[in-house]
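Down below is the structure, laid out as C-alpha cells.
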Amino acid sequence: MPQDEGTPGQTVRIGRRVFLGMAGLGALGVLFGSRVQGAVGSAIGTGLGGLLPGGDRFRIYSITGTFPSISPDAYRLSVSGLVERPMTLTLDQLMALPSAKLVKDFQCVTGWRVPEVHWEGVRLGDILDLAGVTGKAAAVEFDSYDGVDTESLTLSQAHLSDVIVAYRMLGGPISVSHGGPVRLYVAPMYGYKSLKWLSEIRVVEKPTLGFWEVNGYPVDAWIGSANAPTI
Ligand SMILES: Nc1nc2c(c(=O)[nH]1)N[C@H]1C(S)=C(S)[C@@H](COP(=O)(O)O)O[C@H]1N2
Ligand SMILES: [Mo]
C-alpha cells in the first residue's frame, strides 16, 4: 500500500473513477519515489510524518524518476500558440520583468502541506499580456523539460494574481529537484498544477487533459473543492 495515497479517510468523499485513478497514481508514486529518493537522499522525508499535513516538508516528485538539469544560462521559456507576439525568454529576461512575491502554502492533493512558503516570480498574466493573447484563446497549456508532465489553466485562472512563473522559492533560486530554474506556482490549486521545469506556455482554444488528470486527479484542482479528498 502506498504511504501517501488511498488511506480510507482520504477516499471516502471522492468518486470511484477518481479514486481508482488516484490508487493507480499511488503505485506510480512508490515506483518513482524510490528512484527519486536514491537521487536526492535526505532531501526527501522518509517517515510518514513528512507526508502528513503539518509535516512542513516538501515531498519531491518526478513522474519520470529523474530531474532534468538545465543551467540558468541555457534555460529558455517559450510562449507560443494563440498570441500576437510568440517569444522565447531567457532567465535574465524573465527576471527583468516586474516581480511578484508571495508567501503562501503549498498543498499536495495527497495530503501533505508546507505552510508559508516564500515564492518569487513573474505573474503569468503579465507574461500573457506581453505576448498578446488573441481573440479565440480560452486556455493555457504548459509543458515541462521532463518531456512528460503537462498542465493547463483556463485563461481567467491564468490571470489570477497568485499564479506565477516562479524562479525563487524557499529563500533562494529554485533547486533542480523543486523544478528549477523555473516552475509554475498556482497558489489556489493543488500542487500538481504547479508544473516543474517549465519549458513552454502555449495559448490554446481548448486544453487537453494534463498528465495527472489523465491519471485520475480532478480537473477541478481548487484547494478544498468538493471533488478532492478531504484531509
Ligand atoms: N514536471 C513535474 N512537475 C510536477 C510534478 C512532477 O512529477 N513533474 N509533480 C507535481 C505534484 S503532484 C506536486 S505535489 C508538486 C510537488 O512539488 P515538489 O516536488 O517541489 O515538492 O509538483 C508538481 N509538479
Ligand atoms: Mo501532488
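Each ligand, and each atom within it, is numbered from 1 in the order the structure gives.
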field: Non-hydrogen side-chain atoms of Thr150 and Glu141 separated by less than 4.5 Å
entry: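 They are not in side-chain contact.
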- request: Would you indicate whether the side-chain heavy atoms of Leu155 and Leu128 approach each other to under 4.5 Å?
  value: yes
Distance filter under 4.0 Å to [X] heavy atoms, resulting ligand 1 atoms:
X	answer
Trp197	1 (N), 2 (C), 8 (N)
Cys108	14 (S)
Phe106	14 (S), 15 (C), 16 (C), 17 (O)
Phe58	21 (O)

Answer with yes or no whether [X] contacts ligand 1, where contact means a heavy atom under 4.0 Å from a ligand atom.
X	answer
Ser62	yes
Trp212	yes
Glu151	no
Phe211	no

Looking at [X] and [Y], what are the two nearest heavy atoms and their distance?
X	Y	value
Asp220	Tyr192	O-OH, 4.3 Å
Pro188	Leu160	CG-CD1, 4.2 Å
Leu94	Leu89	CD1-CD1, 4.0 Å
Arg76	Tyr145	O-OH, 2.6 Å

Spacing of [X] atom [atom1] and [Y] atom [atom2] [to the nearest 0.5 Å]:
X	Y	atom1	atom2	value
Tyr185	Leu102	OH	CG	6.5 Å
Lys101	Glu120	NZ	CD	5.0 Å
Asp146	Leu198	CG	CG	11.0 Å
Ser194	Tyr61	OG	OH	13.0 Å

Any idea which part of [X] is under 4.0 Å from ligand 1, heavy-atom wise: side chain, backbone, both or neither?
X	result
Asp146	side chain
Trp112	side chain
Tyr190	neither
Ser144	side chain
Arg59	backbone

Protein contact to [atom] [nearest heavy atom, distance to 0.1 Å]:
atom	value
atom 20 (O) of ligand 1	His178 ND1, 2.7 Å
atom 4 (C) of ligand 1	Asp149 OD2, 3.3 Å
atom 23 (C) of ligand 1	Gly191 O, 3.3 Å
atom 13 (C) of ligand 1	Tyr61 CD1, 3.5 Å
atom 22 (O) of ligand 1	Arg183 NH2, 3.4 Å
atom 19 (O) of ligand 1	Lys196 NZ, 2.5 Å

field: Nearest option to atom 24 (N) of ligand 1, as decided by whichever heavy atom of Gly180, Ser194, Ser175 sits closest
entry: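 Heavy atom nearest to atom 24 (N) of ligand 1 belongs to Ser194.
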- prompt: Would Trp212 and Tyr217 count as a close aromatic pair, with their ring centres under 6.0 Å?
  reply: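 When the ring centroids of Trp212 and Tyr217 are compared, they turn out to be within the sub-6.0 Å range.
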message: One thing to verify: whether Lys196 and Asp149 come together as a salt bridge, which I'm taking to mean a side-chain N less than 4.0 angstrom from a carboxylate O.
response: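 Salt bridge absent between Asp149 and Lys196.
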- prompt: In terms of side-chain heavy atoms, does Ser80 have a donor or acceptor partner in Glu200 at a distance below 3.5 Å?
  reply: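 Yes, a side-chain donor-acceptor pair sits under 3.5 Å.
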task: Using distance alone, decide if ligand 1 has a nitrogen or oxygen within less than 3.5 Å of any nitrogen or oxygen in Ile63.
output: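 Yes; at least one N/O pair falls below 3.5 Å.
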field: Polar contact flag for Tyr192 and ligand 1 (N/O pairs, less than 3.5 Å)
entry: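 So ligand 1 has no N or O lying under 3.5 Å from an N or O of Tyr192.
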